[in-house]
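Note that ligands are numbered from 1 as they come in the structure, with each ligand's atoms numbered from 1 the same way.
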Amino acid sequence: MTRLYLDNAATSLPKPPAVYAALQKYVTQSGATPGRGNYREAREGGQLIRQCRQRLCQLIGATSPDHVIFTLNCTDANNLAIQGLVRHARRNNPHAPIHIVTSDLDHNSVLRPIRDMEQDGVTWTCVKSDPVTGVVNPADIAAALTPDTLLVALTHASNVLGTIQPAAEIGKICRARNVLFFLDAAQTAGHISINVNELSVDLLSAPGHKGLLGPLGTGVLYIRPGIEHRLDSLRQGGTGSQSELDTQPIQLPDKYEPGSHNAPGIVALSEALAWLLDQRIESLRDHEIELNSRMLCGMQSIPSFTILGTHDPAARVGIFTLTHDSLDPHTLATILEDEFGILARAGLHCAPRAHSAAGTDASGGLRLSFSAFTTIEDVDRVLSALMHIHAAAPVVIQ
Ligand SMILES: Cc1ncc(COP(=O)(O)O)c(C=O)c1O
């Protein structure tokens, strides 16, 4: 039985072939640390890393490659954005209150840094999403803003419900109220078109290894030019630049990128971005909506399963979290793997409040997530497996 990987919301598999080729080429033919020497290998590595920043800019409508910061993953980027802003505000005015607005759809990589800073007096408001549509109402965000609000942090699409959030409207509200807007694009980058200017984004994080189709160990934080003056670095160290100083350089990207880069990962991510730009995000999105429609339509005839979130295929990314009338999500994941070779993820998906909002916080759900390489045949295989489980499972008398 061939195995069908459908945990692309955790990390995408497979990657475009050029990604594997670039990884292998870098580690076997160069292997140098970019920015740390003036020999050819180091120079070429530096150029490849710059090319990756440029491609990322092209993908998100940004203009300054220096404002694309490489991170370890999306969690690292989220920590830099949230903690870096708070740290700067605190240093500037140690006694001024700091308030953050977020939503119940946010991932623990946003919630946990905020909860941690609560101990230092940071306050926060968690806006509730609509229990039926899974969408955060921009008016509720506006109502949550106070004169002390520094930042609104929003997940662009829920990693549990798949629902795409009205980021442009929320961005506009933030800009008008002089509040910073940080968008966690972990589940949208590479899936839907993103233009940081149209979304009025001040900071945008993305993992390199999910929808952007790069390798694990890559992530990015885009910083709107000018915002770096309000964002402190969290780590300091060697950058290969201004080495006469024992203080952190202030120019970008060095300010936020101390230490040696994950050069093989970034060079491979660059190839993934080239692949995405070549395929065009709009076409990939059309394909994703087609997969969503097939899944939603097929699930209508499998009544023992419930899909969390909206049933509008164009209002969600290809993430489907399901519950079953009688089988718990972990049992479902085991059956899917053992009997059908389908790999899905059961549990709370590091988003406890999103599951509370959906009423699934006790044992979570079973998540199946698509990628650019998922086919209609793959979706049909899932539907057929779920139909088998439906037919074999004990019937629940309501
Ligand atoms: C919405 C969201 N934000 C952040 C992350 C963290 O990403 P990473 O695994 O790259 O740290 C995830 C991962 O699942 C996510 O879904």
Side-chain angles (χ1 to χ4, degrees), residues 5-13 15 56 68-83 100 102-116 126-127 129 134-136 151-165 167 170 181-192 194 199 201 203-222 234 262 265-266 268-269 272 308-309 316-321 343-358 364-371:
Y5 176 86
L6 288 178
D7 195 14
N8 291 285
T11 197
S12 55
L13 284 175
K15 317 288 184 187
L56 209 279
V68 171
I69 306 303
F70 290 117
T71 59
L72 305 172
N73 45 43
C74 194
T75 300
D76 194 34
N78 290 355
N79 272 272
L80 173 55
I82 298 166
Q83 294 193 52
I100 297 177
T102 183
S103 87
D104 58 6
L105 300 179
D106 277 289
H107 187 266
N108 273 343
S109 56
V110 168
L111 298 176
R112 287 180 175 175
I114 296 174
R115 295 304 308 265
D116 188 68
C126 184
V127 171
S129 55
V135 173
V136 176
L151 168 73
V152 168
L154 180 78
T155 183
H156 200 185
S158 162
N159 69 319
V160 173
L161 310 176
T163 44
I164 300 169
Q165 302 303 313
I170 293 173
F181 181 41
F182 162 51
L183 193 63
D184 173 348
Q187 301 298 347
T188 52
H191 291 278
I192 65 177
I194 292 178
L199 297 178
V201 155
L203 295 146
L204 178 137
S205 64
H209 62 96
K210 301 187 201 268
L212 294 182
L213 303 175
L216 279 162
T218 56
V220 291
L221 181 68
Y222 163 74
L234 302 185
N262 171 12
I266 294 168
L269 169 62
L308 307 187
R316 59 190 304 150
V317 290
I319 293 176
F320 290 89
T321 301
L343 314 186
R345 177 166 167 202
L348 293 171
H349 313 103
C350 302
R353 286 175 182 254
H355 274 287
S356 298
L366 175 82
R367 187 179 73 182
L368 296 141
S369 46
F370 305 155
S371 88

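- From Leu161, atom CG reaches atom NE2 of His355 across 8.0 Å, with rounding to the nearest 0.5 Å.
- For the atom pair CD of Gln165 and CG of Asp106, the computed distance is 9.0 Å after rounding to the nearest 0.5 Å.
- With a 4.0 Å cut-off on non-hydrogen atoms, Ala9 touches ligand 1 through its backbone and not its side chain.
- Inclusion of Cys74 in the set of residues having an N or O under 3.5 Å from an N or O of ligand 1 is warranted.
- The shortest contact between atom 3 (N) of ligand 1 and any protein heavy atom is with Asp184 OD2, 2.7 Å.
- A distance of 9.0 Å separates SG in Cys74 from CG in Leu221, rounded to the nearest 0.5 Å.
- The shortest contact between atom 2 (C) of ligand 1 and any protein heavy atom is with Ala186 CB, 3.3 Å.
- Ligand 1 is never approached by His349 to a heavy-atom distance shorter than 4.0 Å.
- Close approach to Pro207 involves these atoms of ligand 1, each under 4.0 Å from a residue heavy atom: 10 (O).
- Atom 15 (C) of ligand 1 has as its closest protein heavy atom His107 CD2, 3.4 Å.
- A heavy-atom distance below 4.5 Å is found between the side chains of Ser369 and Ile319.
- Residue Thr75 has at least one N or O atom closer than 3.5 Å to an N or O atom of ligand 1.
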field: Intermediate values then yes/no, side chain to side chain donor-acceptor pair (under 3.5 Å), Asp184 and Thr155
entry: CA-CA 5 Å; Asp184 173 348; Thr155 183; 4.6 Å; no

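- Distances shorter than 4.0 angstrom occur between a heavy atom of Ser109 and an atom of ligand 1.
- Counting heavy atoms of neighbouring residues, nucleotides and ligands inside a 6.0 Å radius, atom CZ of Arg345 exceeds 12 of them.
- Lys210 contributes atom NZ, which lies 8.5 Å from atom CG of Leu216 (distance to the nearest 0.5 angstrom).
- Contact between Lys210 and ligand 1 is present, with at least one heavy atom of the residue lying under 4.0 Å from the ligand.
- Residues Phe181 and Leu154 meet the side-chain proximity criterion, which asks for heavy atoms closer than 4.5 Å.
- Close approach of ligand 1 to His209 is summarised as follows: ligand atoms under 4.0 Å from at least one heavy atom of the residue are 8 (P), 9 (O), 10 (O).
- Listed by number with element, the atoms of ligand 1 under 4.0 Å from a non-hydrogen atom of Asn159 are 16 (O).
- Residue contacts with ligand 1 for Gln187 involve side-chain atoms from C-beta outward but no N, CA, C or O (heavy atoms, distance under 4.0 Å).
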task: Show your working on side chain to side chain contact (heavy atoms under 4.5 Å, CB included) between Thr102 and Phe182 and close with a plain yes or no.
output: CA-CA 10 Å; Thr102 183; Phe182 162 51; over 6 Å; no

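- For ligand 1 and Thr155, the ligand atoms under 4.0 Å from any heavy atom of the residue are 1 (C).
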